[in-house]
Peer 1: 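Questions regarding the structure given below will be posed in turn.
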Amino acid sequence: MSFVAFKLHPSILANITALGYETPTPIQVQAIPEVIKGKDLLGIAKTGSGKTASFVLPILNIILANGEGERNRKPKTLVLVPTRELAVQVTEVFKELSHNLPQSIKSMAVYGGVSINPQMKAIYGVNILIATPGRLLDLHRSSAVNLSKVETLVLDEADKMLNLGFKEEMQEIFDLLPKKRQNLLFSATLNDQLSGLNNVLLLDPVVIEIEAPSEEEDLINLSGYFVGDDRKGPLLRHLIREQDMKQVLVFTSSGDKADKVAWKLIKNGIEASSIHGKKSQSARTKALENFKSGKVQVLVATDLISRGIDINELPYVINYELPRSPKDFVHRIGRTGRAKSEGLAITFVTREETHHFKVILKKMKRYIDMVDSETLDF
Ligand code: ADP
Ligand code: MG
């Protein structure tokens with residue numbers, strides 16, 4: 001099928017072509033017509049399957065169809081995301097798809113960690129606001145934004161947004177929104193949160209669940225190494241050199257550890273930087289930009305970056321430390337094998353973690369032939 005079938009505005013179609021999208025992905029095929037119809041929707045599809053455009057395209061189309069409204073501080077569309085980096089990324093997709101439209105559509109990201117004043121000013125005239133919850137509430141308290149005219153609410157990484165960590169902020173935001181609105185929820189992993197969703201999705205939602213691909217067709221290849229904590233650093237350097245990894249994202253379980261691993265790599269002549277919640281926003285932005293552009297070979301990150309971040313054709317992800325939950329594992333490895341490119345996700349496992357790792361793989365219905373690092377020469 002082609003994008004033409006959605007009957008999107010021709011200038012939106014032109015932007016799709018300019019982005020190089022040829023055919024819609026399965027989630028786009030199913031979601032776009034339902035969103036245009038105004039339905040509430042729960043969309044579940046694996047990491048890298050194009051969920052962003054499946055809400056961006058119909059939302060732009062709806063705004064165009066409704067014509068120009070008055071310019072004020074009352075966005076019609078609100079997109080909530082868990083991290084600042086994801087807010088920026090989703091906003092880029094909105095912007096790329098709203099070039100040269102017959103009416104200018106203003107989308108804007110607001111997030112914490114940077115000064116609030118420029119955001120307060122810039123919100124004026126916004127159609128689509130992409131926000132992290134905390135900063136959105138700050139802006140509301142300063143009367144820089146009014147949420148009473150929101151017609152469409154999107155929760156990207158919906159399970160995370162409805163998780164305990166955001167509960168109070170989300171409740172506060174829901175209270176500021178009109179009761180009658182369109183709700184769109186997207187996630188790669190959604191199950192135990194489903195009961196909580198009923199409070200949010202008001203009108204009998206369309207549920208779209210794109211089947212996960214079977215192991216043979218999964219673009220993310222998995223491998224694993226048994227390795228003691230003291231040998232992880234040398235093994236990491238060995239793999240980077242031996243497999244000539246030009247771009248690799250390494251996950252650790254804490255910010256301190258991420259700093260240490262990056263520092264050790266640098267000391268050994270491998271270009272690396274770290275990214276985590278304790279870094280300043282400017283340092284976070286710079287680290288991610290330099291990694292995306294290929295200036296820095298290795299980015300060592302916490303789960304901060306595990307959700308939603310799209311790095312073009314990222315070939316390698318390494319779990320230096322195991323995540324606690326299978327869900328985090330799914331999101332971490334989902335940074336590779338995106339769109340149509342293949343990727344390899346390598347996991348380091350200590351002997352004590354064998355059982356935990358088996359549980360993760362079982363949940364994912366995947367199998368790995370583990371390599372014992374003791375048998376390797378490095
Ligand atoms: P998800 O949110 O499902 O993890 P994204 O929306 O971030 O995935 O999209 C993953 C990648 O796929 C992005 O680089 C995006 O530009 C690309 N993409 C999205 N839709 C298409 C399409 N129809 N054809 C080709 N590439 C696409
Ligand atoms: Mg996404």
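Every number for a ligand or one of its atoms is a count from 1 in the order of the listing.
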Peer 1: What atoms of ligand 1 come closer than 4.0 angstrom to any heavy atom of S49?
Peer 2: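 Near S49, the atoms of ligand 1 are 1 (P), 3 (O), 8 (O).
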Peer 1: Tell me: protein heavy atom nearest atom 20 (N) of ligand 1, and distance?
Peer 2: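 Of every protein heavy atom, Q28 NE2, 2.9 Å lies nearest to atom 20 (N) of ligand 1.
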Peer 1: Distance under 4.0 Å to a non-hydrogen atom of K46: what atoms of ligand 1 satisfy this?
Peer 2: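 Here the atoms of ligand 1 in question are 3 (O).
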Peer 1: Quick one: which ligand 1 atoms are inside 4.0 Å of a heavy atom on T47?
Peer 2: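 By the 4.0 Å cutoff, the relevant atoms are 4 (O).
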Peer 1: Using the ring of Y124 (Phe, Tyr or Trp, six-membered ring only), decide whether R71 places NZ or CZ under 6.0 Å from its centre and within 45 degrees of its axis.
Peer 2: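 Because its charged atom misses either the 6.0 Å distance or the 45° angle limit, R71 does not stack over Y124.
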Peer 1: Is it true that D310 and Q89 share a donor-acceptor pair across their side chains at a distance under 3.5 Å?
Peer 2: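 No, no side-chain donor-acceptor contact under 3.5 Å.
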Peer 1: Tell me whether E85 contacts the main-chain N or O of L288 through its side chain, where contact means a donor paired with an acceptor under 3.5 Å.
Peer 2: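 No, the answer is negative, given that no donor and acceptor are paired below the 3.5 Å cut-off.
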Peer 1: What is the closest protein heavy atom to atom 7 (O) of ligand 1, and at what distance does it sit?
Peer 2: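 Here the nearest protein heavy atom works out to R338 NH2, 3.0 Å.
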Peer 1: Tell me the nearest of G20, P26, G50, S341 to atom 8 (O) of ligand 1, using heavy-atom distances.
Peer 2: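 The option holding the nearest heavy atom is G50.
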Peer 1: Under a 4.0 Å threshold between the charged nitrogen and the carboxylate oxygen, would R307 count as salt-bridged to D159?
Peer 2: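 R307 and D159: salt-bridged.
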Peer 1: Less than 4.0 angstrom from a charged side-chain N to a carboxylate O is my criterion; do D218 and R366 meet it?
Peer 2: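 Here D218 pairs with R366 in a salt bridge, since their nearest N and O are under 4.0 Å apart.
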Peer 1: If you compare all heavy atoms of V81 against all heavy atoms of M161, which two are closest, and at what distance to 0.1 Å?
Peer 2: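 Where V81 meets M161 most closely, the heavy atoms are C-SD, 3.4 Å.
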Peer 1: Just to confirm my output: which protein heavy-atom neighbour is closest to atom 5 (P) of ligand 1, and how far is it?
Peer 2: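 Minimum-distance protein heavy atom for atom 5 (P) of ligand 1 reads T52 OG1, 3.5 Å.
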Peer 1: Which residue supplies the protein heavy atom nearest to atom 27 (C) of ligand 1, what is that atom called, and how far is it?
Peer 2: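 Looking only at protein heavy atoms, the one closest to atom 27 (C) of ligand 1 is Y21 CE1, 3.4 Å.
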Peer 1: Using a 4.0 Å heavy-atom threshold (strictly under), name the region of T23 that reaches ligand 1: side chain, backbone, both or neither.
Peer 2: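 Contact part for T23 vs ligand 1: backbone (N, CA, C, O).
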Peer 1: Using the six-membered ring of F378, assess whether NZ or CZ of R231 lies under 6.0 Å from its centre and within 45 degrees of the ring axis.
Peer 2: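 Ring-cation test returns yes.
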Peer 1: Of the protein's non-hydrogen atoms, which lies at the shortest distance from atom 13 (C) of ligand 1, and what is that distance?
Peer 2: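 Nearest neighbour among protein heavy atoms for atom 13 (C) of ligand 1, to 0.1 Å: D310 OD2, 2.9 Å.
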Peer 1: Pairing donors with acceptors under 3.5 angstrom, does anything connect the side chains of S115 and N117?
Peer 2: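 No, no side-chain donor-acceptor contact under 3.5 Å.
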Peer 1: Tell me which protein heavy atom sits closest to atom 12 (O) of ligand 1, plus the residue, atom name and distance to 0.1 Å.
Peer 2: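 Ranked first by proximity to atom 12 (O) of ligand 1 is A339 CB, 3.5 Å.
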Peer 1: Looking at atom 4 (O) of ligand 1, what's its closest protein heavy atom, distance included?
Peer 2: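 Protein heavy atom with the smallest distance to atom 4 (O) of ligand 1: G48 N, 2.7 Å.
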Peer 1: Is E34 paired with K37 through a side-chain N to carboxylate O contact shorter than 4.0 Å?
Peer 2: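 Yes, this pair counts.
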Peer 1: Just to be sure I read this right, does ligand 1 sit under 4.0 Å from the backbone of F3, its side chain, both, or neither, counting only heavy atoms?
Peer 2: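 Answer for F3: side chain.
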Peer 1: Just to confirm my output: which protein heavy-atom neighbour is closest to atom 3 (O) of ligand 1, and how far is it?
Peer 2: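 Here the nearest protein heavy atom works out to K51 NZ, 2.8 Å.
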